[in-house]
K.L.:
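Sharing a structure, written as structure tokens. Questions coming.
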Amino acid sequence: MQPYARLIADRGLAVVNVEYTLVPKAAYPQQVRELNQAVRYVLQNAARWPIDTGRVFLSGDSAGANIVSSYVAAVNSPEMAGQLALSPALAAPQIKGLVLHSGVYDVKALYHAADKAGAIMSWGTHSVLAQYSGERQPSDATLDRMSAYPWLNTHFPPVYISASEADTLTKTQTLPLIERLKQLNVPVTAQIYPLSYREAINHDFNFNMRFDASREVFEQSMKFLVQHAR
């Protein structure tokens, strides 16, 4: 992440890269709480760095997109925050937008979609999500607490989102999220590359700057940040 963070910082934005505990060492919502812990630390020490705490963006890729989108959903939904036993360090007006790539936004949909996959894919998905949930057979209520999608509302901040149709997550995760955001009149800028796209891009493509698509997504996301930081 450091080289990518430097690219963003070169555009004049302060960047904080947050790590989180992986499964099976920790289950959800420990990762969201760790993000909140990091945010609180930055806010408490903001005077040490050139940071505008009134204009905050969160960004994540893949599992990171799940974590940051869930966190922002909790900031905007007291009910979700209560279920996660989370006291958000940020207030909703401080969050000016999200930048999301190749993410998981509806864990319940992903879990049940695996039922229709092959035996190995189904077992792998169920195993990973069970570890992430902390339950051997997670309930739908638990899976909903692990997702932004069920908690989206009209207060959700603007979103920039990218994905490739070659990524199996795009159909069940990215596209439904975009549609739901539009239904709620939440500003959303989306860059979805079709299967017919000339470059062989897939999950997490945005970090590989040898692709034209990655450079395009980077420039679009920078434009989004500048636009919504005003």
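Quick note: numbers below take in every heavy atom, side chains included, and nothing from hydrogens, waters or symmetry partners.
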K.L.:
At what distance, to the nearest 0.5 angstrom, does NZ of K108 lie from CE of M146?
P.N.:
12.5 Å
K.L.:
Quick one: do L100 and L35 end up in the same hydrophobic cluster if we chain Ile, Leu, Val, Met, Phe, Trp and Tyr together by side-chain heavy atoms under 4.5 Å apart?
P.N.:
yes
K.L.:
Name all residues meeting the ring-ring contact (aromatic ring centres under 6.0 Å, His included) criterion together with Y28; count only those two or more places apart in sequence or in a different chain, and write none if there are none.
P.N.:
Y132
K.L.:
Hey, could you give me each pair passing side-chain hydrogen bond (donor to acceptor under 3.5 Å, both in side chains) that has a residue in residues 80-101? Not counting sequence neighbours.
P.N.:
H101-S162
K.L.:
Going from CG on L129 to OG1 on T142, what distance comes out if it is rounded to the nearest 0.5 angstrom?
P.N.:
12.0 Å
K.L.:
With a 4.5 Å limit on heavy-atom distance, are the side chains of W151 and F156 in contact?
P.N.:
no
K.L.:
When hydrophobic residues are tied together by side-chain contacts of less than 4.5 Å, even through go-betweens, does Y41 share a cluster with V68?
P.N.:
yes
K.L.:
Between atom CG of L90 and atom CG of N36, what is the distance when rounded to the nearest 0.5 Å?
P.N.:
7.5 Å
K.L.:
Contact between V18 and V16 at the side-chain level, heavy atoms closer than 4.5 Å - yes or no?
P.N.:
yes
K.L.:
So does A163 get a backbone contact from the side chain of S102, meaning a donor-acceptor N/O pair under 3.5 Å?
P.N.:
no
K.L.:
Rounded at 0.5 Å granularity, tell me how far CG in L7 sits from CG in L13.
P.N.:
12.0 Å
K.L.:
Starting at OH of Y197, measure out to CZ of F205 and round the result to the nearest 0.5 Å.
P.N.:
8.0 Å
K.L.:
Answer whether the closest heavy-atom distance between the side chains of D106 and Q173 falls below 4.5 Å.
P.N.:
yes
K.L.:
Which atom pairs, donor and acceptor, lie under 3.5 Å between side-chain atoms of residues 175-188 and protein residues at least two apart or in another chain?
P.N.:
from: R180; atom 1: NH1; to: Q183; atom 2: OE1; distance (Å): 3.1

K.L.:
Considering non-hydrogen atoms only, spot the tightest contact between T172 and A113 and give its length.
P.N.:
CG2-CB, 4.4 Å
K.L.:
I'd like to know whether E199 forms a salt bridge (Lys or Arg N to Asp or Glu O under 4.0 Å) with R210, so could you lay out the CA-CA distance, the side-chain angles of the two residues, the decisive distance to 0.1 Å, and finally the verdict.
P.N.:
CA-CA 10 Å; E199 294 181 304; R210 72 183 178 88; over 6 Å; no
K.L.:
Taking side-chain hydrogen bond (donor to acceptor under 3.5 Å, both in side chains) as the definition, give me every residue that meets it alongside Y149, ordered by chain and number, with sequence neighbours left out.
P.N.:
none
K.L.:
Are T125 and L110 packed together at the side-chain level, in the sense that at least one heavy-atom pair is separated by less than 4.5 angstrom?
P.N.:
yes
K.L.:
Counting distance only, does the side-chain N/O of Q191 pair as donor-acceptor with the main-chain N or O of I161 below 3.5 Å?
P.N.:
no
K.L.:
Looking only at non-hydrogen atoms, find the nearest pair between N76 and N153 and report the distance.
P.N.:
O-ND2, 3.1 Å
K.L.:
Might you point out which heavy atoms bring A89 and L43 nearest each other, and give the distance in Å?
P.N.:
O-CD1, 3.4 Å
K.L.:
Who passes side-chain contact (heavy atoms from CB on, under 4.5 Å) against V15, sequence neighbours left out?
P.N.:
A5, I8, A9
K.L.:
Using ring-ring contact (aromatic ring centres under 6.0 Å, His included) as the criterion, list what pairs up with F207, not counting sequence neighbours.
P.N.:
Y4
K.L.:
List in chain and number order the residues that pass ring-ring contact (aromatic ring centres under 6.0 Å, His included) with Y111, two or more places apart in sequence or in another chain; answer none if no residue qualifies.
P.N.:
H126
K.L.:
Heavy atoms, side chains only, cut-off 4.5 Å: are V107 and V104 in contact?
P.N.:
yes
K.L.:
Among residues at least two apart in sequence or on other chains, which ones pass side-chain hydrogen bond (donor to acceptor under 3.5 Å, both in side chains) with Q227?
P.N.:
none
K.L.:
Taking only distance into account, with no hydrogens and no angle test, what donor-acceptor pairs under 3.5 Å do side-chain atoms of residues 58-65 form with protein atoms, sequence neighbours excluded?
P.N.:
from: S59; atom 1: OG; to: V99; atom 2: O; distance (Å): 2.9
from: S62; atom 1: OG; to: H203; atom 2: NE2; distance (Å): 2.8

K.L.:
If two hydrophobic side chains count as joined below 4.5 Å and joins carry through other members, does F57 share a cluster with V32?
P.N.:
no
K.L.:
Under a 3.5 Å distance rule, please check whether S133 uses its side chain to pair with a backbone N or O of P138 as donor and acceptor.
P.N.:
no
K.L.:
Decide if atom CZ of R198 counts as having more than 12 heavy atoms of other residues, nucleotides or ligands within a radius under 6.0 Å.
P.N.:
yes
K.L.:
Run the side-chain hydrogen bond (donor to acceptor under 3.5 Å, both in side chains) test against Y160 and tell me which residues pass, sequence neighbours left out.
P.N.:
Q220
K.L.:
Can you find a heavy atom in the side chain of M80 that is under 4.5 Å from one in the side chain of R145?
P.N.:
no
K.L.:
The criterion is ring-ring contact (aromatic ring centres under 6.0 Å, His included); which residues satisfy it with Y20, sequence neighbours excluded?
P.N.:
none
K.L.:
Under the rule for side-chain hydrogen bond (donor to acceptor under 3.5 Å, both in side chains), what residues qualify as partners of H155, not counting sequence neighbours?
P.N.:
none
K.L.:
Which heavy atom in P50 sits nearest to a heavy atom in A14, and how many Å separate them?
P.N.:
O-CB, 3.8 Å
K.L.:
Grouping I, L, V, M, F, W and Y whenever their side-chain heavy atoms are under 4.5 Å apart, do F211 and M1 come out in a common cluster?
P.N.:
yes
K.L.:
Considering non-hydrogen atoms only, spot the tightest contact between P88 and R40 and give its length.
P.N.:
C-NH2, 4.1 Å
K.L.:
Are T189 and V159 close enough that some pair of their side-chain heavy atoms sits under 4.5 Å apart?
P.N.:
no
K.L.:
Keeping Q31 on the side-chain end and I67 on the backbone end, is there a donor-acceptor pair under 3.5 Å?
P.N.:
no
K.L.:
Do Y105 and S70 have side-chain heavy atoms sitting under 4.5 Å apart?
P.N.:
no
K.L.:
In this structure, would Y71 and L143 fall into the same cluster of hydrophobic residues linked by side-chain contacts under 4.5 Å?
P.N.:
yes
K.L.:
Between atom CG of N45 and atom OG1 of T53, what is the distance when rounded to the nearest 0.5 Å?
P.N.:
12.0 Å
K.L.:
Whether the side chain of S77 engages the backbone of A74 through a donor-acceptor N/O pair (distance < 3.5 Å, no angle test) should be reported.
P.N.:
no
K.L.:
Between L195 and E165, which heavy-atom pair has the shortest distance, and what is it?
P.N.:
N-OE1, 3.3 Å
